[in-house]
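Below, chains carry the letters A, B, ... as their sequence lines are ordered, and counting in each starts from 1.
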Amino acid sequence: MTALVIGFGNPDCGDDAAGPLVARLLAGRIAARVLERHGDALALLDVWEGAALLVLVDAAAPMGTPGRIHRLDLTTDLPRELSVGSVHSFGLPEAVALSRRLGTLPPRVVVYAIEGWCFDVGGTVSAAVADAVGTVAERIATELSG
Amino acid sequence: MAETRRIRVEMLARVEGEGALEVDISDRKVQSVRLSIFEPPRLYEAFLRGRAAAEVPDITARICGICPVAYQMSSAHAIESAFGMEPGPEIRALRRLLYCGEYIESHALHMVMLHAPDFLGFEDGIAMAASHGDLVKRALAAKKAGNTLMCVVGGREIHPINVRLGGFYRLPTRAELSALQPDLARARDDAVGILRWASRFNFPDVERDWELVALRHPTEYPLNEGRIASTSGIDIAADEFDSVFEERHIAHSNALHSVVRARGAYLTGPLARYALNYERLPAHIQALAREAGLGPVCRNPYRSILVRAIETIYVCEEAMRLIATYNPPREAAVPLTPRAGVGAWATEAPRGLLWHRYELDAEGNIRTARIVPPTSQNQPAIEADLLDIATRRIDEPDDVLQLACEAAVRNHDPCISCATHFLKLTVNRR
């Protein structure tokens, strides 16, 4: 039983890279498996099954404050409204909800969501999100060392 | 006094893309049913003009996240046809293998996560998972096998990047493909389990008299090639498409409607492929179909879940056969010599016939492009289906009628994103 950190997002779509960038800062630094993933979140169910603690890091849709950090200690499902709306490509909310019903969700799940600004293909990470990436990495490192 | 009813579905779930369904009822009669696709036009055909032929498979793959291989295959074959070349049997086999991966991925997801909840009274596949977890896990495992096959042959599971005109950028090794065999064998067994599970569903007793249109191939269940055939006698090459079929602009939809010029609405997809190619299925898969209650032709759209299971079994076995007989070609891609010309080709996307036509200049740049996806072809047949359901169930409460209409749409696994490219239902009763 281990801790698992997954940085979720497409590294080539602007601020969607927030999750993978946090993962890169943490890889090798903490006593946990650290993975980068993007695409179909349903594929994550096999990846996180068996972990004791799951930390998911993902970019969040713009809500007016790029770089703002949201930390959710998940005892319930993520709001499905957070999903991007393609039935053929399940997002994190669907993957978490499905995994919970299948009995494969780790007993403790923490989600860090970093509000993004621009998600253009080929775009760069905005300054506020880049700052937040470092902050989130430090907070996860501290949380897992405690 | 005349009754006026309006039922509105703001967002029809478990269908890809954005659209709306509007049903007008007055004087206890269904006056019209409109499947309105309001997802904005994506203008692929326009921005392909002037692009180099080599870019087309990668650009058109972006039309759809669940059937990108179909777009890559139809475009590559059409352009190669215009250049007067064929890539050879080894490339052909590898393309068929890639297509098998897409079918496994698409059908596994639709059967269990999108379609089955309609028969069992669940809001969605996630709600269904609490009591049918084993089947959901089997579907996810099958989908994963399809994803992995797509990764190994196509470079990644969504929007593959390894397809090029003339072949592939990189050939998989025998060892890479052989490693997929155990998961494909399990996916095949999972599909048999899903078929037997779904065969016990309580299917509405309906038969549709659609003209069924699909590719037909002399020796194999069609994926990449064949003549366009129908249950009413159509038997044409892909470049004769316009002589038999017509695309029409409909005011309420951003997707064009396709009709058979002489007869009107028709249906493509699993039911059509199965009916026109039943004899191409191996005898043991025909036996599984019979065991599930299917005859050589199935005209009940609700039973399409069974046909998808049969097709999933078939493509798993076909993938295993293709891997076992894999003979890597000497070159990953056959060199092409551009020339001015016109090429048309149709392949079978998981949800139906996908026709492409390209006109190219002497340098191999696209002069004109036309893409006719399965969902736009199926729209008139889906509307006819909905008209019949709304008429038969006109006295039922709006919420019940709404669910029935949504389920009827999902029978066809439409991809509205492809057709313009989801769904609001409005029932107006006056």
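- Residue S99(A): no heavy atom, backbone or side chain, is found under 4.5 Å from chain B.
- Ring geometry, F122(B) versus H132(B): the interplanar angle exceeds 60°, so the pair is classed perpendicular (tilted spans 30 to 60°).
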Without placing hydrogens or testing angles, list every side-chain donor-acceptor pair under 3.5 Å for residues 106-113 of chain A, not counting sequence neighbours.
{"unit_1": "R108(A)", "atom_1": "NH2", "unit_2": "D73(A)", "atom_2": "OD2", "d": "3.4"}
{"unit_1": "Y112(A)", "atom_1": "OH", "unit_2": "R71(A)", "atom_2": "NE", "d": "3.4"}
{"unit_1": "Y112(A)", "atom_1": "OH", "unit_2": "E143(A)", "atom_2": "OE1", "d": "2.5"}

Could you walk me through whether H412(B) and D385(B) pass the side-chain hydrogen bond (donor to acceptor under 3.5 Å, both in side chains) test, one step at a time? CA-CA 10 Å; H412(B) 301 285; D385(B) 211 2; 3.1 Å; yes

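- Contact count versus chain A (heavy atoms, under 4.5 Å) is highest, among A127(B), A129(B), G133(B), S131(B), for A129(B).
- When the shell of 6.0 Å around CZ of R156(B) is examined, it contains more than 12 heavy atoms from other residues, nucleotides or ligands.
- For L42(A), the part sitting under 4.5 Å from any heavy atom of chain B is the side chain, from C-beta outward, and nothing else.
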